[in-house]
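Below: one structure, written as structure tokens.
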Amino acid sequence: FPISKYIHAPDGDAQIPSTLQRIYIKDLNHDSQCTDKYVKGTVIMKHNLIALTRGEDMLKAVIEEHAHQHAKLSETTSINVFSFGKLAKDFSDKINQGDTIVITGFRLGMSPTVNKDKRHLCQIELEERRATIYVCPAAFSGQSSSNPKPKYTYVPLNELKPGEVANVYGIVTFFKQPFQTKGTDYCLVLTITDESGVKLGCSIFNEKLEALPQIYKIGDIVRFHRIKSLLFNSKLSGMTSLGFSALTFDGRVGTPVCPRTSSKTYHFGEEDRRIVEKLRQWAATIYPNLEISLATVQPKSFFDLTCQLLAKAEISRACVLLKVWDGTKCPHRLLKILVEPSAIEGNMAAIQDLQDLIVEILVYDNHVEVAKKLKPGMYLRIYNLHAKLQASGTKEQTSNECHLGFHLHGGTSYGRGIKVLPEDSSDVQELKKALESANPEDTMDDLTLLNACCTSAIENSLNAELSPYQEDPLTGGFAVLTCHHTVKSDLLSNVKNSTPPQKFHIKAKLKSYQPDKLYQSVKLYCPKCKRVQEIPDDETIGSLFQEALNLPVLSSDSWYETFLWESSTDVGRKVAVHFVNVLGSEEHLLTLVQGATLEEVCRLSTKFESIIPIKFSEDQMTLLDLSAPFLIQGKKWSYGCKHCSCVKNIGLYLEQEMVWEPENTAEETVLGVELLQYVFLMKFELDDGTASLDAILWEDAEKFFQMLPVEVMVNRAMQEKMQMTMATLCPPGKHFDELPWLEFCIGTYTTDENEDRSVYYQIFDTMVAEKL
DNA sequence: TTAGGGTTTG
């Protein structure tokens, strides 16, 4: 009885309603009136069930009409049939290759593959609601068919006789990619074996490349009709003879028994299915599944890889670089190949998202021609890929450390080559599942989490949980991590198209930064008026000291002790040094200096902890112009804001406020001076291949470098550390492709001052993690 | 007719 609209009809056409009329496939065209018609044909090809993105199943099959008496050679009698929904599932489960089916309630569409498959101009589309399929299984159709099918016998390989033509089944133990012969044909060279244990080397010729048997991998099963046995080098070998035809099957137990063939018609019945299943079982015991993935590949080995191409680049006339992935992570340190970014063709966004899952393959010589024709997105099988341990690649990869490089060497020995796998092959279906489950796109798309992570309250706990140390495979030293680096990263193009204010997690390269002189990245900032200013240069400061040289020198007072020195450079000039003993402690000695040059103050600062340069003006002790440092503590010079400070008689202040400790610079105001803070301010040019933008490193810069700007000012080691950090993040003299990928959090914002509402980008919540 | 397997040295 009918299940859905699939009807089992072993008695041929008997169940077809008499109101329906047969329409021959050759007579179908897009104007055909189909409502009261049916099409009858034999299933000559059945593809795997495919789940469409909208959740519905789809199945493609090809049916062919039995050639009838008046058929002309030019007439197309095979047509593609697409069934959808439950009908597709039924088709997959219950209809086999070789079955005869009757289709009603179909719709006709134009076949988009007509140029490729040379089948009917139209395709038949079967929807669950309207269509009905009547099935006459192959086992019965033979009885009702007017053309009795030839009976094939298959000869075990050990029983083949030289000079004889036979039909054989076998398992592929070796094959080479088809190639053009010196004659007129293409040639496929392969070796097959069967349960007899005998191996038969075969040469299959055809003038059309696509007409040769489609072998995807060792272990595939072939069925050859009319293969001729010949003696060559005293061994038996097989060769195509007149009328040769072939079917190929996946050799793995459990995969659909679905023949691949270029034959327009062929016989495939239950007996054949049984033979294939039996061969599969046998092969499974002798050739265990040795599929190798990027996760399991052993260095110094040759292997076959099923993968998807993401990008490619021509390195030279004899070498092409392929960037591929198979959804697994290669645990080895990988060789990095340097390429001009402009030379890369492919999906840059995918390359970014999948960085650690991508491997690079160098393809040489005869394979270059094939590689050039490949398109990113294609599914490939690469045969005899060499996983080679290599001493060094780029300059970063030091020569004493080995990296794993993947090479497809020139030549065809050991079956070396590349094959594009069709999307409906079981290998690709399996690969796609692996890719889908590995792609962070699908698993980490939680913007809510991203936003939550960016609030400072949660940030600390997250920072504590996540390991800040992640070795960058390229640099081996540094990586920039964020507090939420597990969240999916966004593309810069998206960031640029967004409406501010928003926060993003991005992966990008640091193309350049400003200022390039790192000491210039430290600035002075007034927390009160929010002004940022450059640190005055020594020349400017020196002239301010110079101006105050010839003012009268202060006489002694009770709260300090004065010493006078004769200047060593200017005859007759006196330098006054007043020691203020704060809280009677030697350690907190405050030194007021008067009438000294900058150079002299610097020399004094090596001896005395805290120096305040002063001058006398209108009988009051006051500071020099605030463009000069008002407090000098060794190399640490403190400045005040010219706009916000209110400096009057500092003598009065110092006399009364003896408890002031110059060490304590956390105070915002001392001596009426609004203290300026040392801050980092840098501009990073970030680029991820989709866009580039300038982001400032400002409010979170101390966290980023894990250094204080003032330390960078005074400490040579810190300067070197910062220099090294920047050289790691943005190695000088490198091409874009060689730059390391870095992760950043960036925020977009506009400012009120800006009338044009320009968008700014700022780096936040990001820090440089140093390798332990 | 043709090809008839057996690792680059990047």
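Computed from a predicted structure; not experimentally measured. Every chain is numbered from 1 and lettered A, B, ... according to where its sequence line falls, protein lines coming before strand lines.
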**OP:** Would you check if there is a donor-acceptor pair between the side chains of A:His386 and A:Tyr414 at a distance under 3.5 Å?
**Re:** no
Original post:
Considering residues at least two apart in sequence or located in another chain, which fulfil the side chain to side chain donor-acceptor pair (under 3.5 Å) criterion with A:Asp194?
Top reply: A:Ser196
Subject >> nucleotides 3-10 of chain B: protein proximity per nucleotide (B base, S sugar-phosphate only, - neither; heavy atom, under 4.0 Å) >> reply: BBBSBB-B
Original post:
Between A:Lys208 (NZ) and B:dT2 (C1'), how many Å, whole number?
Top reply: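 It is 18 Å, rounded to the nearest whole Å.
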**OP:** If the glycosidic angle is within 90 degrees of 0 it's syn, otherwise anti, so just tell me which one B:dG5 is.
**Re:** anti
Using a 3.5 Å cut-off and no angle test, enumerate the donor-acceptor pairs between side-chain atoms of residues 367-374 of chain A and protein atoms at least two apart in sequence or in another chain.
residue  : atom : partner  : partner atom : Å
A:His367 : NE2  : A:His409 : O            : 2.8
A:His367 : NE2  : A:Gly411 : O            : 2.9

Original post:
In terms of side-chain geometry, is the basic nitrogen of A:Arg381 or A:Asp427 positioned less than 4.0 Å from the acidic oxygen of its partner?
Top reply: no
Original post:
Can we say A:Arg274 and A:Glu277 salt-bridge, meaning some charged N sits less than 4.0 Å from an Asp/Glu carboxylate O?
Top reply: no
